[in-house]
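Below: one structure, written as structure tokens.
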Amino acid sequence: MSRVKGFISFEGIEGSGKSTQVKLLTGYLRTKGHTVIETVEPGGTKIGTKIRNLLLEPENHMDPLTELLLYYASRAQHVREVIYPAILNNTVVITDRFTDSTVAYQGYARGLDLSFINALDEIVVPDMKPFLTFLLDLDVEEGLRRNRQAQKEDRFELETIEFHTSVRSAFLQIAKEEPERVKIIDASKSAEEVSMEIIKVLEESWR
Ligand code: TMP
């Protein structure tokens with residue numbers, strides 16, 4: 001799988017501040033003259049947004065395999081409709097979550113087979129990985145507290161602390177396995193401080 005330079009993902013537990021940081025980095029890169037799109041998973045397309053609603057509505061009791069396949073259905077559409085064309089057009093793509101979320105949530109936390117997820121990923125996203133992934137790392141209880149304050153309550157926010165703790169450990173494990181691509185950022189700091197750190201890491205890595 002090759003890392004694609006204009007492709008950046010953000011990952012992290014609930015409430016880690018990804019969407020704010022996606023916006024701040026998009027704004028920064030635009031001031032530097034780059035053409036940038038910001039996008040999100042699940043979602044990013046009309047079909048993906050419908051799948052997102054199915055996945056996140058708290059009343060949908062879902063089998064883990066259905067859940068996995070819906071994330072990949074959203075991703076298949078997203079990659080073909082938005083991400084590949086943008087990259088071919090020299091547009092920088094910044095996505096709020098990508099494959100690492102599936103590995104962490106459906107693989108490690110739900111316990112689905114990691115080799116099955118990897119095989120599915122190779123079919124849905126052939127030969128493409130983000131060049132850089134910012135892992136916004138935060139204490140689980142703090143993340144859930146932030147989301148409660150923002151009145152955000154989807155199907156995943158209702159999961160147990162143990163579930164979210166295993167998601168956090170999974171992300172840290174992925175970062176350990178791929179230190180060149182996945183950069184751990186301390187998300188407990190202010191949004192401005194986190195953004196400055198991200199920009200620093202990006203400038204160093206893009207050199
Ligand atoms: P968020 O965009 O508000 O973070 O919500 C997306 C939720 O979906 C979040 O709880 C993480 C979860 N998720 C997965 O479980 N697997 C995936 O592959 C992705 C992209 C997200």
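Sequence positions, counted from 1, serve as the residue numbers for this chain.
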Euclidean distance, [Y] [atom2] relative to [X] [atom1], rounded to 0.5 Å:
X: Ser169; Y: His164; atom1: OG; atom2: NE2; answer: 12.5 Å
X: Met62; Y: Leu56; atom1: CE; atom2: CG; answer: 8.5 Å
X: Leu138; Y: Leu144; atom1: CG; atom2: CG; answer: 9.0 Å
X: Leu135; Y: Asp186; atom1: CG; atom2: CG; answer: 11.0 Å
X: Ile51; Y: Leu55; atom1: CD1; atom2: CG; answer: 7.5 Å
X: Tyr105; Y: Ile13; atom1: OH; atom2: CD1; answer: 7.5 Å

Tell me whether Glu59 at atom CD has more than 12 heavy atoms from other residues, nucleotides or ligands lying less than 6.0 Å away.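 Yes, because the 6.0 Å sphere around CD of Glu59 holds more than 12 heavy atoms from other groups.
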
So, using side-chain hydrogen bond (donor to acceptor under 3.5 Å, both in side chains) as the criterion, who are the partners of [X] when residues are at least two apart?
X: Thr31; result: none
X: Ser16; result: none
X: Asn60; result: Glu57
X: Arg30; result: none

With a 4.5 Å cut-off on side-chain heavy-atom distances among I, L, V, M, F, W and Y, is there a chain of contacts connecting [X] to [Y]?
X: Val124; Y: Leu70; answer: yes
X: Tyr84; Y: Ile94; answer: no
X: Leu24; Y: Ile185; answer: no
X: Val194; Y: Ile8; answer: yes
X: Val79; Y: Phe131; answer: no

Which heavy atom of [X] sits nearest a heavy atom of [Y], and at what distance?
X: Leu158; Y: Pro58; result: CD1-CB, 3.8 Å
X: Val182; Y: Ala175; result: CG1-CB, 3.6 Å
X: Gly44; Y: Thr39; result: CA-OG1, 3.4 Å

Keeping to residues at least two apart or across chains, list the side-chain hydrogen bond (donor to acceptor under 3.5 Å, both in side chains) pairs with something in residues 62-77.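 Matches after skipping sequence neighbours: Glu41-Arg75, Glu67-Gln106, Glu67-Arg110, Glu67-Arg155, Tyr72-Arg75, Tyr72-Asp121, Arg75-Thr102, Gln77-Glu81.
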
Please go through Met196's hydrophobic cluster and name the other residues, only I, L, V, M, F, W, Y counting, with side-chain heavy atoms under 4.5 Å joining them.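 In the cluster with Met196 there is nothing else; it is isolated.
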
Any side-chain heavy-atom pair of [X] and [Y] under 4.5 Å:
X: Glu11; Y: Ile174; result: no
X: Val4; Y: Val93; result: no
X: Leu136; Y: Ile198; result: yes
X: Ile199; Y: Leu25; result: yes
X: Leu114; Y: Val103; result: yes
X: Glu180; Y: Arg3; result: yes

Begin from the C-alpha positions of His78 and Thr95 and carry the test side-chain contact (heavy atoms from CB on, under 4.5 Å) through to its verdict. CA-CA 10 Å; His78 191 205; Thr95 183; 3.9 Å; yes

Pairs involving residues 4-63, ordered by first then second residue, that meet ring-ring contact (aromatic ring centres under 6.0 Å, His included) (sequence neighbours left out):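 Qualifying pairs: Phe7-Phe98, Phe10-Phe134, His34-Trp206.
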
Pairs in or reaching into residues 168-190: which pass ring-ring contact (aromatic ring centres under 6.0 Å, His included), with residues at least two apart or in two chains?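 Every candidate ring-ring contact (aromatic ring centres under 6.0 Å, His included) pair involving residues 168-190 fails, so no pair, neighbours aside, qualifies.
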
Is the backbone N or O of [Y] less than 3.5 Å from a side-chain atom of [X], with the two atoms forming a donor-acceptor pair by type?
X: Glu122; Y: Ala119; value: no
X: Arg146; Y: Glu141; value: no
X: Arg52; Y: Gly43; value: no
X: Thr91; Y: Ile87; value: no

Contacts of [X] that satisfy side chain to side chain contact (heavy atoms under 4.5 Å, CB included) - sequence neighbours left out:
X: Asp113; answer: Ser115, Phe116
X: Asp137; answer: Arg168, Leu172, Ile184
X: Glu177; answer: Tyr108, Gln173
X: Glu38; answer: Val22, Lys23, Thr26

Looking only at side-chain N and O atoms, does Ser9 offer a donor or acceptor that is under 3.5 Å from a partner on Thr133?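 Indeed, the side chains of Thr133 and Ser9 share at least one donor-acceptor pair under 3.5 Å.
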
Apply the test salt bridge (charged side-chain N to carboxylate O under 4.0 Å, His left out) to residues Lys189 and Glu197: give CA-CA distance (whole Å), side-chain angles for both, the deciding distance (0.1 Å), then the verdict. CA-CA 10 Å; Lys189 298 186 179 154; Glu197 177 66 17; 5.9 Å; no

Passes side-chain contact (heavy atoms from CB on, under 4.5 Å), Thr165 versus Glu162? Steps please. CA-CA 5 Å; Thr165 303; Glu162 290 71 31; 5.5 Å; no

